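Let me begin by presenting the structure, written as C-alpha cells, before commenting on it.
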Amino acid sequence: MGQTGQITFYENVFSPFSHRVHIALDQAKADYSRVPIDLANKPAWFAEKVNPVGKVPVITYGGPKSAPECPSPDAAKVDESLVILEFLADLFPEAHLLPSDPVHRVQVRLFINIFETGKFFEGFRGFFFRNTEGAGKLLLEGLAELQARLPPTGFLVGKWSNAESAVAPFLVRVDMMLKHNIGAHSEEDGVKVLETYQGPKYARLTKYIVEIRESPIFEKTWDEDANRELWEHHPATQRK
C-alpha cells in the first residue's frame with residue numbers, strides 16, 4: 001500500500017504503549033510528526049478533538065496537514081497501540097512489520113495475544129505499581145509464558161516484527177526496574193524476584209532482552225537514563 005497521507009503521532013515518551021508505535025513507525029521509515037502529550041496535564045483539546053478516551057497513543061492518517069490540536073475531519077484517527085501496529089503493517093507491507101509467511105504471521109499474533117491476556121500485565125501492574133500480594137510470582141509466571149514461545153536464539157520469527165514492537169517496551173522496563181529495585185513492592189521482594197529472573201530458568205528470556213536492547217531498531221527509541229530517572233521518582237512506584 002505505502003504511505004499516501006500525512007501521519008501525526010500523539011504520544012508520551014515514557015509510555016510503553018506509545019513506545020510500541022514509535023518503534024513501528026521508525027521501522028517502517030514513515031514520514032510522521034510527533035505531538036507530545038503530558039499525561040499529568042493533558043490539554044483539553046486532546047479529548048475534544050483527538051481521542052475522547054484521553055489515552056495515548058493515537059495517530060491520524062490522511063487529510064491535509066493541520067495544527068495538531070485541530071486535526072482535519074478528513075484524517076482517520078486510530079488509537080490503541082496494537083491496533084495501530086496492525087494498521088502500520090498494512091500501510092507499510094515492505095517494512096515486514098508482519099511477516100509475509102502466514103505461519104509466521106500467526107506466530108506473531110499468538111505471541112502478542114499471550115502477552116496481552118496471560119499473567120504478565122496483572123503481575124507487572126501489581127508488582128511495580130500496587131504492591132499486590134503475590135504479584136511478583138504472577139510477573140515471573142507471565143514472563144515464563146512468553147519465554148516458552150521463543151525460539152532458541154534471535155527474534156520470534158527471525159527478523160524484528162510487531163512481536164518485538166509489542167513486547168520490547170515492557171520487557172526492557174521490567175529489566176531496568178528489577179535491576180535498580182524500582183517499584184512499590186518491598187525491597188526484599190524486589191531482590192527475590194531479581195534473583196529468580198537472573199537465574200537459569202529465565203536464561204532464554206534475558207538473552208532475548210539483551211538482543212532487543214542491542215537492536216538498532218530499539219536503541220534509537222530508548223533513553224534508559226531518562227526512564228530510570230522518571231520511574232525512580234514517580235509517585236506510582238514509591239514504597240508506602
Side-chain angles (χ1 to χ4, degrees), residues 1-98 112 160-174 176-177 212-234 236:
M1 184 176 175
Q3 182 176 350
T4 59
Q6 68 79 36
I7 295 176
T8 302
F9 173 36
Y10 300 84
E11 50 95 28
N12 180 279
V13 69
F14 296 113
S15 159
F17 298 98
S18 292
H19 195 180
R20 285 171 160 175
V21 177
H22 186 185
I23 294 168
L25 284 165
D26 281 8
Q27 185 186 359
K29 296 181 171 57
D31 179 12
Y32 67 97
S33 302
R34 294 175 68 179
V35 181
I37 301 296
D38 182 350
L39 298 179
N41 188 26
K42 284 178 279 194
W45 57 260
F46 183 66
E48 292 169 3
K49 300 291 183 68
V50 180
N51 185 4
V53 180
K55 296 194 302 183
V56 295
V58 180
I59 67 168
T60 63
Y61 177 72
K65 284 192 175 182
S66 55
E69 65 271 17
C70 193
S72 167
D74 296 326
K77 297 171 185 172
V78 189
D79 62 349
E80 296 297 334
S81 60
L82 295 180
V83 175
I84 297 172
L85 293 192
E86 288 277 341
F87 176 76
L88 294 175
D90 289 338
L91 190 60
F92 297 98
E94 71 284 353
H96 302 291
L97 304 178
L98 281 175
I112 294 172
W160 187 287
S161 71
N162 275 356
E164 281 69 45
S165 296
V167 304
F170 294 91
L171 294 182
V172 170
R173 282 167 173 83
V174 166
M176 175 192 72
M177 293 172 83
I212 285 171
R213 282 182 173 278
E214 292 176 347
S215 169
I217 294 170
F218 184 83
E219 273 189 325
K220 64 182 180 180
T221 67
W222 175 245
D223 185 334
E224 178 107 4
D225 291 340
N227 273 274
R228 178 181 173 185
E229 174 73 15
L230 172 81
W231 293 115
E232 280 183 334
H233 299 98
H234 197 284

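All of these numbers come straight from a predicted model, not from anything done at the bench. Just so you know, residue 1 is the first one in the sequence shown, and it goes up from there. The analysis underlying the following values was restricted to heavy atoms, covering all of them including side chains, and did not include hydrogens, waters or symmetry mates.
- H22 and F9 have tilted rings, their planes meeting at an angle from 30° to 60° on a 0 to 90° scale.
- In this structure, CD on E164 lies 9.5 Å from CG on L171, to the nearest 0.5 angstrom.
- By the side chain to side chain donor-acceptor pair (under 3.5 Å) test, W222 is found to be paired with E224, residues two or more places apart in sequence or in another chain being considered.
- A47 pairs by the side-chain contact (heavy atoms from CB on, under 4.5 Å) definition with nothing, not counting sequence neighbours.
- The shortest heavy-atom contact between P169 and I23 is CG-CD1, 4.0 Å.
- Scanning for side-chain contact (heavy atoms from CB on, under 4.5 Å) contacts around A168 gives W160, I212, F218, with sequence neighbours left out.
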May I have the list of side-chain donor-acceptor pairs in residues 59-66 shorter than 3.5 Å, sequence neighbours left out?
| unit_1 | atom_1 | unit_2 | atom_2 | d |
| --- | --- | --- | --- | --- |
| T60 | OG1 | Q6 | NE2 | 3.4 |
| Y61 | OH | T4 | N | 3.0 |
| Y61 | OH | T4 | OG1 | 3.1 |
| Y61 | OH | G5 | N | 3.3 |
| S66 | OG | C70 | O | 3.2 |
| S66 | OG | S72 | N | 3.2 |

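- A pairwise comparison of heavy atoms in H233 and E229 identifies ND1-O, 2.9 Å as the closest pair.
- Partners of E232 under the side chain to side chain donor-acceptor pair (under 3.5 Å) rule, at least two apart in sequence or in another chain, are R228.
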- Show your working on ring pair (Phe, Tyr, Trp, His ring centres under 6.0 Å) between F17 and F170 and close with a plain yes or no. CA-CA 9 Å; F17 298 98; F170 294 91; 5.1 Å; yes
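- Panel note: side chain N162, backbone S165; no donor-acceptor pair is recorded below 3.5 Å.
- Using a 4.0 Å cut-off between a side-chain N of Lys or Arg and a carboxylate O of Asp or Glu, E69 and K49 do not qualify as a salt bridge.
- Remark: the backbone N or O of N12 is paired with a side-chain donor or acceptor of S18 at under 3.5 angstrom.
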Worksheet entry | side chain to side chain contact (heavy atoms under 4.5 Å, CB included) assessment of Y32 paired with D26 | CA-CA 9 Å; Y32 67 97; D26 281 8; 2.6 Å; yes
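- In terms of heavy atoms, V58 sits closest to V50 at CG1-CG1, 3.8 Å.
- Inter-residue side-chain proximity for F46 and E48 is flagged as unmet; no heavy-atom pair is nearer than 4.5 Å.
- Taken to the nearest 0.5 Å, the CG atom of D90 stands 7.5 Å off from the CG atom of L98.
- Nearest heavy-atom pair, R173 versus V13, reported as atom, atom and distance to 0.1 Å: NH2-O, 4.0 Å.
- Residues S161 and H96 have side chains that never bring a donor and an acceptor to within less than 3.5 angstrom of each other.
- Contact annotation: the side chain of P57 approaches that of I84 to within less than 4.5 Å [non-hydrogen atoms, C-beta and beyond].
- Among V167, L82, T221, the one residue that satisfies the side-chain contact (heavy atoms from CB on, under 4.5 Å) test with R20 is L82.
- A heavy-atom distance below 4.5 Å is not found between the side chains of D79 and K55.
- With Y10 contributing its side chain and N51 its backbone, the two residues share no donor-acceptor pair below 3.5 Å.
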Go through the steps to decide whether V83 and V78 satisfy the test side chain to side chain contact (heavy atoms under 4.5 Å, CB included), and finish with yes or no.
CA-CA 7 Å; V83 175; V78 189; 4.0 Å; yes
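- The CD atom of E11 sits 9.5 Å away from atom CG of L39, with the distance rounded to the nearest 0.5 Å.
- Across all non-hydrogen atoms, the minimal contact from D31 to I7 is O-CB, 3.9 Å.
- E219 meets the side-chain contact (heavy atoms from CB on, under 4.5 Å) test with no other residue; sequence neighbours excluded.
- Closest approach of A30 to F92, counting heavy atoms only: CB-CZ, 3.6 Å.
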